[in-house]
Amino acid sequence: MRVPLSWLREYVDLPATETGRDVQAKLVSAGLEVERVEQLGADLKGPLVVGQVLTIEELEGFKKPIRFCTVDVGQANGTGEPQEIVCGARNFSVGDKVVVVLPGAVLPGNFAIAARKTYGRTSHGMICSGDELGMGDDGSGGIIVLPPEYEVGTDAIELLELVDEVLDIAVTPDRGYCLSLRGIARETATAYGLPLRDPALLDVPAPNAFGHPVKISEPLGCDRFTARTVTGLDPEARSPIWLRRRLQKAGMRSISLAVDITNYVMLELGQPLHAYDRSRIQGAIGVRRAEQGEKLTTLDGVKRTLDAEDLVITDDRGPVGLAGVMGGAHTEIDDTEGTTTEVVIEAAHFDPISIARTARRHKLASEASKRFERGVDPLAASAAAQRTVDLLVLLAGGTADAGVTEVITPSAPHTITIPANHPDQVAGVEYGRETVVRRLQEVGCDVYGQDELLVTVPSWRPDLTDPNDLAEEVIRLEGYENLPSTLPKPPAGRGLTERQRLHRRVGRALAGAGYVEAPNYPFIGEHVFDQFGLAADDPKRRVVKLVNPLSEEEPALRTTLLPGLLGALRRNDGRGSHDLALFETGLVFHPRAEQRIAVRLPVDRRPTDEEIASLTDALPEQPRHAAVVLAGAREQAGWWGKGRPADWADAVEAARTLAREAGTELLVRAGQYGPWHPGRCAELAVVLDGEEKVIGYAGELHPGVLKTLGLPARTSAMELNLDALEQASAGVVKGPRISTFPVATQDVALVVDKTVPHAEVEAALREGAGELLESIRLFDVYESEQLGAGKKSLAYALRFRAADRTLTVEEASAARDAAVALAAGRTGAALRS
């Protein structure tokens with residue numbers, strides 16, 4: 001919102017010494033975002049006067065048309081003689097009043113004016129356009145031609161209001177009332193402690209039955225509609241300079257008198273208006289919901305297909321405007337023909353949510369929709385209509401019709417009950433009842449009561465809905481800078497939780513193993529589950545959907561980390577990084593079986609444990625997962641060797657790394673799930689409460705999934721539930737104990753069926769070896785016809801050590817033989833000869 005300081009002074013008697021910077025500081029202190037103060041005409045220096053063109057001589061022989069003019073500037077040049085000026089513009093004629101800058105003046109941009117010879121003549125000054133004076137493009141594209149009533153020699157700097165300061169204010173969505181001079185003036189008056197001249201305080205005639213007929217079929221979408229008629233307008237009347245200049249300073253372009261007046265009143269009072277050519281309206285004006293597929297051509301010339309939720313303005317023929325957004329082309333005032341002599345003024349109040357959805361649906365943001373969706377004062381409609389009528393009568397010679405139409409849906413003012421000390425409790429400052437009541441009254445509230453205040457919210461502040469909003473207003477007006485800065489005092493002895501410690505250990509372990517952390521947004525599209533090949537009843541397909549998603553393609557919260565990680569891998573691979581190992585730890589989201597509505601927590605005290613628990617129960621379940629993805633080389637080739645590509649075993653080893661950090665025994669066995677290759681997928685499980693629980697999968701992804709997602713061949717991945725891994729742990733991870741006694745190593749090679757998993761053989765060996773076993777490692781897998789059909793050889797290195805003595809060969813061999821015996825009994829293993 002651009003606010004000229006000269007316009008603002010009409011409503012607040014600011015001290016003459018106050019500059020735009022001073023007002024900016026006051027408004028910023030009151031909570032408004034004044035981004036900058038623009039100095040108009042700061043480097044402008046006269047003489048700049050009104051002149052009248054006496055003669056025009058066309059100069060020949062040049063590449064472009066050049067005119068040699070004589071202009072009467074009165075006594076401004078000191079002699080009274082006509083001023084000789086060379087000009088290339090052609091949009092003025094003999095007898096026209098123009099703006100002339102004389103030698104010695106300085107125009108914006110430090111452009112000094114002096115007499116100079118050009119095109120074979122001497123030019124003593126310039127005939128000016130709007131751009132040259134820093135006024136911007138006024139749409140004429142040439143010299144400023146003034147109305148004939150201005151006297152020759154008049155100071156044009158004052159006439160055109162070229163020197164001014166403009167405050168550029170970023171209005172936040174909750175402060176729609178500040179999208180008007182009335183709202184900004186109210187804040188300024190409060191900040192300075194000065195009275196406000198409210199421009200909405202006008203004498204408005206009572207409604208009667210003689211006004212233009214209006215029918216409201218959708219009272220919830222339009223609760224107030226005022227219609228006024230003005231007849232006998234002069235179709236040749238044009239907007240005066242002061243009106244055009246105020247619109248220009250506010251960032252709007254002058255279009256025509258009627259449209260300029262509606263825009264001016266909108267900027268002044270914050271109430272959007274629309275003017276209809278009365279001769280183009282057939283029958284009563286109506287407000288209703290559009291019919292699905294109905295057509296309307298708006299003022300921007302676009303033919304739009306309407307939605308059933310759109311609110312439209314109609315006459316007997318159908319829609320004539322998109323309510324609160326933009327009028328229709330069929331009833332616009334066409335000044336090019338100069339035939340409009342009667343207009344109907346519409347000043348209505350529409351539902352903010354409906355207008356916001358319509359504007360977004362049609363991608364049609366307008367000055368009107370911007371105000372309606374932020375909240376417009378419904379009681380200002382009749383005053384805005386009256387102000388528009390007064391200006392049309394004054395500037396266009398019209399006559400106000402006696403008919404006044406007002407259709408109103410009755411509604412009670414919004415009231416809020418608030419303890420008088422509530423702002424004190426919120427801010428931690430003792431304001432006292434008198435200060436609270438005074439500040440709320442300055443906002444525009446009516447306040448009654450003593451210890452318990454009954455506050456009636458003003459009609460222009462729909463954002464004030466509960467006691468905390470009122471407390472914020474008191475704190476804001478008292479000054480945020482006056483709030484004491486108090487650091488919280490956390491209780492001693494509270495460090496990281498075990499969950500947080502595990503999260504950090506896991507991140508460090510994976511980074512140490514060569515993985516790069518790649519955090520992703522927690523949003524997914526449900527189509528990814530089809531790409532992963534998940535079953536229709538898979539729990540991961542049950543997602544939490546966002547009411548207002550950032551992207552329509554990803555409207556849900558993730559139930560798995562893999563889509564984001566695989567997307568990061570694909571992007572990096574496409575940009576030339578082919579050897580990749582990425583990881584992420586983060587929350588996934590699962591809807592609860594019973595949906596609950598979250599309670600609003602208090603701000604004047606610490607929430608109770610029951611309130612926090614209730615809030616937690618209303619949230620989705622959010623377990624923390626860890627995932628890795630790999631592609632390309634796991635070990636680089638070089639002079640030291642051939643290197644090695646990443647494969648399914650690396651994904652499984654990443655899971656084992658996490659289990660070691662959690663101090664948990666991880667069960668790894670053959671599995672089959674979703675995006676993983678059915679023959680190269682490991683199921684990851686832990687023992688939880690005496691039962692095995694699957695917490696994730698690891699392995700190579702299915703070729704079909706890789707092709708669908710555009711991923712490199714042999715891409716591998718792992719994902720597991722980190723919270724479940726922590727729950728299955730034995731507690732705090734203990735550091736390894738260093739023994740002073742030597743280790744005894746025994747190797748065994750066992751022949752088993754190919755269908756027997758290595759994990760079963762290892763578990764049997766570990767159990768059979770007993771407490772002397774320190775570690776076990778599979779170091780070779782061998783298959784040959786000599787072993788027999790369907791057989792394989794698994795070679796293990798067993799390390800034995802005692803904590804209190806050096807083991808003998810007999811003790812180590814006995815432990816090895818016990819391990820082999822148990823493995824033979826459970827898995828049918830036989831020692832390889």
Side-chain angles (χ1 to χ4, degrees), residues 498 501-502 504-506 508-514 635 640-641 649-650 652-669 684-688 690 692 725-752 756-782 792-833:
E498 185 56 36
R501 291 193 185 99
L502 176 60
R504 295 192 177 189
R505 290 202 305 271
V506 162
R508 287 194 294 266
L510 289 175
E635 296 177 3
W640 53 84
D650 294 297
V652 175
E653 181 58 26
R656 288 197 170 102
T657 299
L658 303 188
R660 285 193 292 271
E661 293 298 325
T664 305
E665 183 179 352
L666 186 67
L667 305 179
V668 181
R669 57 200 178 206
L684 311 175
V686 294
V687 177
L688 195 60
E692 291 186 3
L725 192 68
E726 179 197 353
Q727 293 169 10
S729 69
V732 178
V733 178
K734 297 180 180 179
R737 181 177 179 276
I738 306 300
S739 174
T740 59
F741 298 98
V743 66
T745 303
Q746 297 276 346
D747 294 344
V748 295
L750 302 178
V751 178
V752 296
V756 177
H758 143 70
E760 291 184 13
V761 179
E762 180 183 328
L765 289 173
R766 189 182 298 275
E767 182 179 344
E771 61 182 11
L772 294 178
L773 182 67
E774 183 180 77
S775 67
I776 181 172
R777 179 174 62 88
L778 175 69
F779 66 85
D780 185 49
V781 179
Y782 173 71
K792 64 181 178 182
S793 171
L794 303 177
Y796 294 91
L798 287 71
R799 293 167 56 92
F800 299 96
R801 195 194 309 257
D804 57 351
R805 67 188 187 281
T806 300
L807 293 177
T808 64
V809 175
E810 290 76 13
E811 287 178 313
S813 298
R816 179 202 62 188
D817 293 341
V820 172
L822 186 58
R826 286 189 178 179
T827 65
L831 275 174
R832 178 180 168 191
S833 58

**Report entry** Which atom of A812 lies closest to which atom of A744, heavy atoms considered
**Finding:** CB-CB, 4.0 Å
Report summary line: To the nearest 0.5 Å, atom CD of Q746 lies from atom CZ of R799 at 12.5 Å
**Report entry** Interatomic spacing from CD in E774 to CG in L807 - rounded to 0.5 Å
**Finding:** 10.0 Å
**Report entry** All side chain to side chain donor-acceptor pair (under 3.5 Å) counterparts of R669, not counting sequence neighbours
**Finding:** E683, E692
Query raised in the report: Once you round to the nearest 0.5 Å, how far does OG1 of T827 lie from CG of L750?
Result: 7.0 Å
Query raised in the report: Just wondering, more than 12 heavy atoms not from E762 lying within 6.0 Å of its CD?
Result: yes
**Report entry** Carboxylate-amine/guanidinium contact E498 R505, below 4.0 Å
**Finding:** yes
Query - Residue pairs, two or more places apart or on separate chains, that pass side-chain hydrogen bond (donor to acceptor under 3.5 Å, both in side chains) and touch residues 654-663 - result: E653-R660, T657-R660
Query raised in the report: Looking only at heavy atoms, which two atoms of R801 and P742 are closest? And how far apart?
Result: CG-O, 3.6 Å
**Report entry** Pair L666-L684, side chain to side chain contact (heavy atoms under 4.5 Å, CB included): steps then yes or no
**Finding:** CA-CA 7 Å; L666 186 67; L684 311 175; 4.2 Å; yes
**Report entry** Pairwise side-chain contact, V748 with R816, heavy-atom cut-off 4.5 Å (strictly under)
**Finding:** yes
Report summary line: Heavy atoms of L765 and A823 approach each other most closely as CD2-CB, 3.9 Å
Report task. Evaluate the criterion salt bridge (charged side-chain N to carboxylate O under 4.0 Å, His left out) for residue pair E811 and R805; output intermediate values, then yes/no. Result -> CA-CA 11 Å; E811 287 178 313; R805 67 188 187 281; 3.0 Å; yes
Query raised in the report: Which value, rounded to the nearest 0.5 Å, describes the distance between T664 atom OG1 and Q727 atom CD?
Result: 10.0 Å
Query - Contacts of type ring-ring contact (aromatic ring centres under 6.0 Å, His included), residue Y796, not counting sequence neighbours - result: H758
Query raised in the report: Rounded to the nearest 0.5 Å, what separation is found between the CG atom of L725 and the CG atom of L688?
Result: 10.0 Å
Query raised in the report: Closest approach of A802 and L772, non-hydrogen atoms and distance?
Result: CB-CD2, 4.1 Å
